[in-house]
Each structure stands twice: as C-alpha cells, then as structure tokens.
Amino acid sequence: MILAVSQTTINLAYLAAGVCLIVGIKRLSSPSTARSGNVVAAVGMVIAVVFTLLSPEIDSYWLIVAGVAVGTVVGVASARMVKMTAMPQMVALFNGVGGGAAALIAAAEFHRLSPGSGHVLPEHMGAMLFSALIGSISFSGSMVAFGKLQELLPGRPLVFAGQQVVNGALFAALLGVGVLAGATEAGVWMVVLLAGALLFGVLLVLPIGGADMPVVISLLNAFTGLAAASTGFVLENTALIIGGTLVGASGTLLTILMGRAMNRSLANVLFGAFGAPAAVGAAATADGEAKSYREISAEDAAVMLAYADRVVVVPGYGLAVAQAQHGVRELADFLERRGVDVKYAIHPVAGRMPGHMNVLLAEANVPYPQLYDMEDVNPEFPRTDVALVIGANDVTNPAAREDPESPLYGMPILNVDASANVVVLKRSMSPGFAGIDNDLFYRPNTAMLFGDAKDSVDRLVAAVKAA
C-alpha cells in the first residue's frame, strides 16, 4: 500500500468527485461553458481514481499501473488522431468498452465469491447478474453501432423474418438463465448469460437504422451507466455508484429528449426498423411522372447569398463528412461584412450524435449566439431570403409535416421550405442516411448545388468575394 488512508477520507473524496462530475455535466449543457465543464469533470475523475488507488484493500499495483499505461496511450492517441467526423463512432466504441468492463468485473466477482458456497449476499448476486447482463448488451450493441457509423456494416436496418419474436424469446431466456445462475451459483450459467447477452446486444441494434443512431447511442450510454453503478454495489465502491448513476440518469434523459425531438417512442426506435425500405428509386409524382429539380451554379447561388438580407445556414452530416465547417464560417464572415444577417439552425438530431453540429461549428469558432435551436429558428424561415442547407436530409424533409404515409411523418423538422429561396449543397440526389427521399429537393423555391460540400462552400466563398 502506498499510503494509509481511512475509508472515511476516501468516501469524502468520492463525494467531492461526485460534486465535480455533477457540476461538469451541468456546464456541458452550454457551448459557452462546456470547456470548463469538461475540465471540472476531469478533475472529479482524477480525484476518484487517485483515492481508489489509496484504498487499503489494494495490495498489488503492477497490474493497475499496466492498465493505466495502456489506457492512457490509447486515450491520448484516440483524442488526437480521430477526426471530428468520427467522434460519434468513437463515443460508441468507448461507451461499449465501459459496458464490457463492467460485465467482466461482474464475472470476475462472481468467480471470486466462491460460486456454489451459498455465502454470496443476495444483493451482491443480483447486482452481479444485472451488471453482467446490461454491460454485455451495451458492449456488443455499441460495437454494432460503431460498425454502422464507421460503415463497416450497412447503415440500413438489417432484419429477418420473426426477428422481434426471436429477440423477445432470447431476452426471456436470459432472464431465466440469470435466475439459474443466482440460484445455483454455478459458473457455467454466468458464461451462458454473458454469451447470450452479447448475442442479444447484436440482435437488438442490427435492425436499427442509421438515422436513429443518436437515440441508440444515448440508450446504450444509459445501459453502461447502470452496469457501472451495479458494479459499484458489488465492489462497495461509492465512486462507481455515483458515476454510474449519473451516466445512467443523463443517458436516459437524453434518450427521452432525442425521442421527443423525432416524435417517436423508444419502442418504435428499437422495434420499428426505421428506414428499412431503403431502396428508393427515382422520385415520382402521383401520376407516375419523374419529379424535376432545379440545379444551380456556385456563382448564381453566391449572388443570391450576397444580396440577401437574411440567410440561415442549416448544417448536417454532409458538412461533417466534408469538414466544411471552417469554410462555412468564412462564408458567413464575408456575408456579414456585406450587411447580411446570418444565423445557424440546429436540429436536435442533426448528425450522428446529440450536439454533433454544435461541436463542429464551435471548432470553427462560430459565435454561439448565432446558433438557434429548432423551436427558435422555425419562425424565422418565412422572413428568410436564403436557407443554405448543407447535407441535412431527414431533418428538412417537408414530408414529415405533410405526408401521413411517410415514415418521417410527425417528426419535428426545420421548416426551411418556408424560406423565399433554398439552396441545397449535396453530392447527388440520393436519399439520406434514413433511406427516404426528400421532398424539399423538388420544391420550386429549391435549387441544388451538387458536389463535395467543402468544395462547394469554397466556390461560394470565392464567388461572394467577386460579387
């Protein structure tokens, strides 16, 4: 042991760490305080880790030091090497690792506490089994989410006949296996529980389309938090209980908020196979004729922007993929010098994770007061001269308002079609990540500017300079 510290002192340190985590999460709610919030939360985590290492129960440090060294190298390398566009899949990956760690600790404790002896406390047994189940589901589900976001797996829902019945039967069987593991304290049932939970996590996320990834990531994050809190009960570690509960609660609230933003229930997200009919052909009118769209050049679009009074920029995943946020900021600067009022419209589920667009625009030093939430900016569109849509598909589709047959129907959207003019920057006329054609593209006030978003924005900047 490095230093003798009483358990009371350690618990007080855990309390301070918990306060830091709460304050940090609170400050993360606003981009203007997010950086300091991240620092405060990190300080809290350092306090928790340091005082855990001072626990009298630890009698060997070499494995811990090795783990910290490996984790530090991986963490620093990931933070510096991963592009901002890949942040959602990194979040999914790290979240899954957390769930997997909780499940492994539960399995190790199950083995350590003399299986079959009958001496395991019921509350410890319940916490171990819950952590093993939920942590394994979070791990494998997050790996599938990572694969979809990284395009290692198809982004569309992957379904088969009777999938929901199979999933329901498997989950019921897992509950039965959990009961057997608790009653017999036999290690074989714990192995079966872990393997079955891993399979269930895969089957749970496979039928979920890419458009629902923000909700899924939030839900799996809540699962990881709950698994960590349960592990804290097993280890009687207050820091794990506090941290896990915070993650579980915040992940659950964020899942609810994301569902509301899409006007869809969690059950519909998990079992609705949203976007399954992804094979979309050429858009057609009611009488079977192909819809027409209007293409525009960068020079013509630049004239519209340069001589507008109000412009609203609508960022989406296309902006993130092309890394066009810096060019957009430069374009906005030139427009503002010409007296144009520029705003940014942020939909709650734009991108691949909550807050994705906010982070990208903050990276480009876009002033936070120019970012408007959907509820605040929608009344502005009827007074907007040009809405510049950059890679935002599903969150601007008028079918969500007008077509009861559309899978998007009822989802709150950015009402960009109410603007006098809409310019859409897009590579092609292909549907978005949800696999649903966007009616906005065929509106008479919409013009399409095709090409890579960064190249298109750079052309707009050059043309605005020359206007």
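Just so it is clear, the structure is predicted and the values come from calculations on it, not from any experiment.
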List the atom of [X], the atom of [Y], and the distance in Å for their closest heavy-atom pair.
{"X": "F381", "Y": "A345", "answer": "CZ-CB, 4.1 Å"}
{"X": "L149", "Y": "I217", "answer": "CD1-CD1, 3.8 Å"}
{"X": "A107", "Y": "L194", "answer": "CB-CD1, 3.8 Å"}
{"X": "M374", "Y": "P412", "answer": "CE-CB, 3.5 Å"}
{"X": "L203", "Y": "Q163", "answer": "O-NE2, 4.1 Å"}
{"X": "M128", "Y": "A106", "answer": "O-CB, 3.4 Å"}

Between V205 and the options V144, I137, L219, the side-chain contact (heavy atoms from CB on, under 4.5 Å) test singles out V144
Only one of L104, L193, L198 passes side-chain contact (heavy atoms from CB on, under 4.5 Å) with S136, and that residue is L198
Heavy atoms, side chains only, cut-off 4.5 Å: are [X] and [Y] in contact?
{"X": "L361", "Y": "L371", "result": "yes"}
{"X": "E236", "Y": "H124", "result": "yes"}
{"X": "E185", "Y": "M125", "result": "yes"}
{"X": "V395", "Y": "M411", "result": "yes"}
{"X": "S140", "Y": "L199", "result": "no"}

Using the ring pair (Phe, Tyr, Trp, His ring centres under 6.0 Å) criterion, which residues pair with F200? Sequence neighbours excluded. F171
Using the ring pair (Phe, Tyr, Trp, His ring centres under 6.0 Å) criterion, which residues pair with F450? Sequence neighbours excluded. Y293
Would you be so kind as to tabulate the donor-acceptor pairs closer than 3.5 Å made by side chains of residues 94-103, with sequence neighbours excluded?
{"unit_1": "N95", "atom_1": "OD1", "unit_2": "T224", "atom_2": "OG1", "d": "3.1"}
{"unit_1": "N95", "atom_1": "ND2", "unit_2": "S142", "atom_2": "OG", "d": "3.1"}
{"unit_1": "N95", "atom_1": "ND2", "unit_2": "L220", "atom_2": "O", "d": "3.3"}

Under the rule for salt bridge (charged side-chain N to carboxylate O under 4.0 Å, His left out), what residues qualify as partners of R27, not counting sequence neighbours? none
Rounded distance [0.5 Å steps], OG1 in T396 versus CG in N438: 4.5 Å
Here the gap from Q323 atom CD to K454 atom NZ, rounded to the nearest 0.5 Å, amounts to 9.0 Å
Between side-chain atoms of residues 40-52 and protein atoms elsewhere (two or more places apart, or another chain), which donor-acceptor pairs fall under 3.5 Å?
{"unit_1": "T52", "atom_1": "OG1", "unit_2": "Y14", "atom_2": "OH", "d": "2.7"}
{"unit_1": "T52", "atom_1": "OG1", "unit_2": "A48", "atom_2": "O", "d": "2.7"}

For residues [X] and [Y], is any side-chain donor paired with an opposing acceptor at under 3.5 Å?
{"X": "T9", "Y": "S6", "value": "yes"}
{"X": "N358", "Y": "Y368", "value": "no"}
{"X": "T446", "Y": "D417", "value": "no"}

From CA spacing to verdict: side-chain contact (heavy atoms from CB on, under 4.5 Å), V166, F160: CA-CA 10 Å; V166 171; F160 56 85; 4.1 Å; yes
Salt bridge (charged side-chain N to carboxylate O under 4.0 Å, His left out) between R35 and E363, worked out: CA-CA 12 Å; R35 182 170 296 181; E363 183 188 28; over 6 Å; no
Give the table of side-chain donor-acceptor pairs shorter than 3.5 Å for residues 68-78, with sequence neighbours excluded, one pair per line with atom names and distance.
{"unit_1": "T72", "atom_1": "OG1", "unit_2": "V68", "atom_2": "O", "d": "2.7"}
{"unit_1": "S78", "atom_1": "OG", "unit_2": "V74", "atom_2": "O", "d": "2.7"}

Kindly indicate, with the supporting measurements, whether the criterion side chain to side chain donor-acceptor pair (under 3.5 Å) is fulfilled by N393 and Y317. CA-CA 9 Å; N393 274 283; Y317 190 63; over 6 Å; no
